[in-house]
Amino acid sequence: MKNQELASIFSAMAAYLEMDEIPFKPQAYEKAALILENLPVDVEEIYKREGEKGLQKIPGIGKRIANKIVEYLHTGKIKEYEKMRKKMPVKINELMKVEGLGPKMIKELYQHLKITNLEQLEKAAQEGKIRNLPRFGLKTEQNILQGIQFVKRSRGRFLLSEALPLAEGIIASLKKLPQIDKIVIAGSLRRRKETIGDIDLLATIKPDYPQGAKKVMNTFVNLPGIIKVWDYGLTKSSVRFKKKIDVDLRVVKADEFGSALQYFTGSKEHNIATRKIAISKGLKLNEYGVFRKIRGKWKKIAGATEEEVYQAIGLPYIEPELRTNRGEIEAALQGKLPRIIKYNEIRGDLHNHSSWDGGKNSIREMAEAARLMGYEYIGITDHTKFLRIEHGLDEKQLLDQHKEIEKLNAEFKKQKINFRILHGCEANILNDGSLDIEDKVLAQLDYVIAGVHSRFKMKKEEMTQRIIRAIKNPYVKIISHPTGRLINRRDAYPLDIDKILNAALETNTALEINACPERLDLNDINIRKAVEKGVKLAIDTDSHEKTHLQYIHYGIAQARRGWATPKDIINSWPLPKLLRFFQKK
DNA sequence: GCCGTTTTCGGCCCGACTGTTTTCAGTCG
């Protein structure tokens, strides 16, 4: 797919245009980039099928950009972009990743210090050269250094949402081969860690294809999108895809599949612990199986499935998301593993935006999509007025929206459809912890979500008190993305999480597990703390369009990694129970 | 450069926050 390459070129062009203060064009290019990035179909396919006119049908792509796409598909280059790069040969997308660095500052840095990439930027900052530039200062220099640390730390770590679709795509392609018996995801991706270093896949070959591995590996290393083949062998091949994601494929024997999967799923710490348990029982566990010493010789006693591997060393099956050696082994030994929430146990999504606040879909469309997912309810929680930029709703608009929702619910009732739209809002927690909507209006909604969307850089105690005050508001039932972190981009704001959890527990307020792959907030550690205290949680997608509803599984994975059970997750409950919870406050 | 229930021109999300200033530019969402 050329979509990603084009997206990154257009995004760079937007930055170049921004440098020259050209009005409006940057936004157009930025929008085109964003659309291409998220386009589920290959632009090349569209072009082959429908030509340039077909490209122009994509919203956000007009005549000129369609023309540039065609130029790229034919020549692999866009002349105008090459010209821009020649004029200022900086790695714009790399530098833009540094939080706080934008086109204008990059331009200054290039013109004064000839900085073109991250390494040079770091060196200049370390040598104190940046603080002397006009309109830069010591603080900016320090922020840049901190930003670089973030980029570096995240380099080579991919979001779950980047790695998982790629892995699933590869599996879908290889599954078509008749030689493939099983092929599954292993590694940190299987454990659904929030960031992934590389993708590990594990396969077995059908017994009737003795030469099958050759065919499978050959297909694998020739998949579209591969930019480098590191290794090519019959049991292990390793390749790099675009975006620099590395993928390993291993082919193992059918009777070693379980032990290999256990081994390659990790975590490393979990594996060390399981091997120790095996040793303590006179057994040996490795990727080839579980072995017992009989008359001086190791004899294999398990290996085909993970279940039998765990059983052989005296443990119940442990879900991959729990395999971190943070207590799951001990719990397993005592028969106290939690019955963590399953991927199909969510009954509704409580944090969603509609076209009323600039979301892509109407309330009706969001509801229909939720119904198609088998949900029993959906909560519409548009932004409120403080977030003018997000078209936040004021009191009157909220009341108008309430009427529309009542109408839709009446319609469902009339058609005997067992589905309900709940009306909420995502109110803003202002600096002092008050909300930006009057209580008497909040009182008319089914529930209120409150979240911090401004002033992230508060002192820990101040921020904690700010959120606790919002928790104490009687209408606030859920706190959205409670720590404000953006994975690989922004740290959580400093927060006394124990105080927050205590306040939530005392007031019957739920905390959100935001399923948006860049947020996944709360994280696993905090979820587990919440679960241990008995604080209730809501897994929400924070959808701004109906397709985002599908991201719920990222949030469920996070909940599972935090040991959450259905009794902890309020939106796994039937509607009456959920409403009772809301009323308890 | 894109778009159109104000369609082929004239709009285009705009306020908060930060760090630099001493009135504002740049970035973010």
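In what follows, chains are A, B, ... by sequence order, proteins preceding strands, each numbered from 1. The figures that follow rest on heavy atoms only: side chains count, while hydrogens, waters and symmetry mates do not.
Interface residues of residues 73-85 of chain A facing DNA chain B, ordered by number: none; criterion, heavy-atom separation under 4.0 Å. Near DNA chain B, meaning a heavy atom under 4.0 Å away, the residues from residues 452-461 of chain A are A/S454, A/R455, A/K457. Within residues 127-138 of chain A, the residues approached by DNA chain B to less than 4.0 Å at the level of any non-hydrogen atom are A/R135, A/F136, A/G137, A/L138, in residue-number order.
Each of B/dG1, B/dC3, B/dT27 was ranked by its minimum atom distance to the side chain of A/A28; first place goes to B/dG1.
Atom CD of A/Q27 and atom P of B/dG29 are 16 Å apart (whole Å). Taking atom OH of residue A/Y493 and atom P of nucleotide B/dC17, one finds them 14 Å apart after rounding to whole Å. Atom-to-atom, CD of A/E30 to P of B/dG29 comes out at 12 Å; the value is rounded to the nearest Å. One can place CD of A/E18 at 8 Å from P of B/dT27, the figure rounded to the nearest angstrom. A straight line from CZ of A/F386 to C1' of B/dC28 spans 13 Å, rounded to a whole angstrom.
For the pair A/D394 and A/K385, the salt-bridge criterion is not met [side-chain N within less than 4.0 Å of a carboxylate O]. Taking 4.0 Å as the cut-off between side-chain N and carboxylate O, A/E162 and A/R157 do not count as a salt-bridged pair. Salt-bridge check for A/K87 with A/D20: passed, with a basic side-chain N closer than 4.0 Å to an acidic carboxylate O.
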Side-chain donor-acceptor pairs of residues 97-111 of chain A under 3.5 Å, sequence neighbours excluded:
{"residue": "A/K107", "atom": "NZ", "partner": "A/M19", "partner atom": "O", "Å": "3.3"}

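Not counting sequence neighbours, A/K472 has no partner by the salt bridge (charged side-chain N to carboxylate O under 4.0 Å, His left out) test. Scored by the salt bridge (charged side-chain N to carboxylate O under 4.0 Å, His left out) test, A/K396 finds A/D400 as partners (sequence neighbours excluded). Every residue two or more places apart in sequence or in another chain that forms a salt bridge (charged side-chain N to carboxylate O under 4.0 Å, His left out) with A/E80 is listed here: A/K68. With sequence neighbours excluded, the residues forming a side chain to side chain contact (heavy atoms under 4.5 Å, CB included) with A/S362 are A/S355, A/R364, A/E365, listed by chain and number. In this structure A/K407 satisfies the salt bridge (charged side-chain N to carboxylate O under 4.0 Å, His left out) test with no other residue, sequence neighbours excluded. Listed by chain and number, the residues in a side chain to side chain contact (heavy atoms under 4.5 Å, CB included) with A/N514 are A/H351, A/H481, A/E512, A/C516, A/R519, A/D542 (sequence neighbours excluded).
A sub-4.0 Å separation between OP1 or OP2 of B/dG1 and a side-chain N or O of A/K68 is present. For the OP1/OP2 pair of B/dT18 and a distance below 4.0 Å, the side-chain nitrogens and oxygens of A/N143 include no atom meeting the criterion.
The distance between the ring centers of A/Y554 and A/H548 does not fall below 6.0 angstrom.
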Below 3.5 Å between N/O atoms, which protein atoms pair up with nucleotides 4-8 of chain B? Just atom names and distances, please.
none

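The side-chain hydrogen bond (donor to acceptor under 3.5 Å, both in side chains) pairs that include a residue from residues 53-65 of chain A are A/E50-A/K57, where partners are two or more places apart or lie in different chains.
Both thresholds, 5.5 Å between centres and 30° between ring planes, are met by A/F24 relative to the base of B/dC12, so the two rings are stacked.
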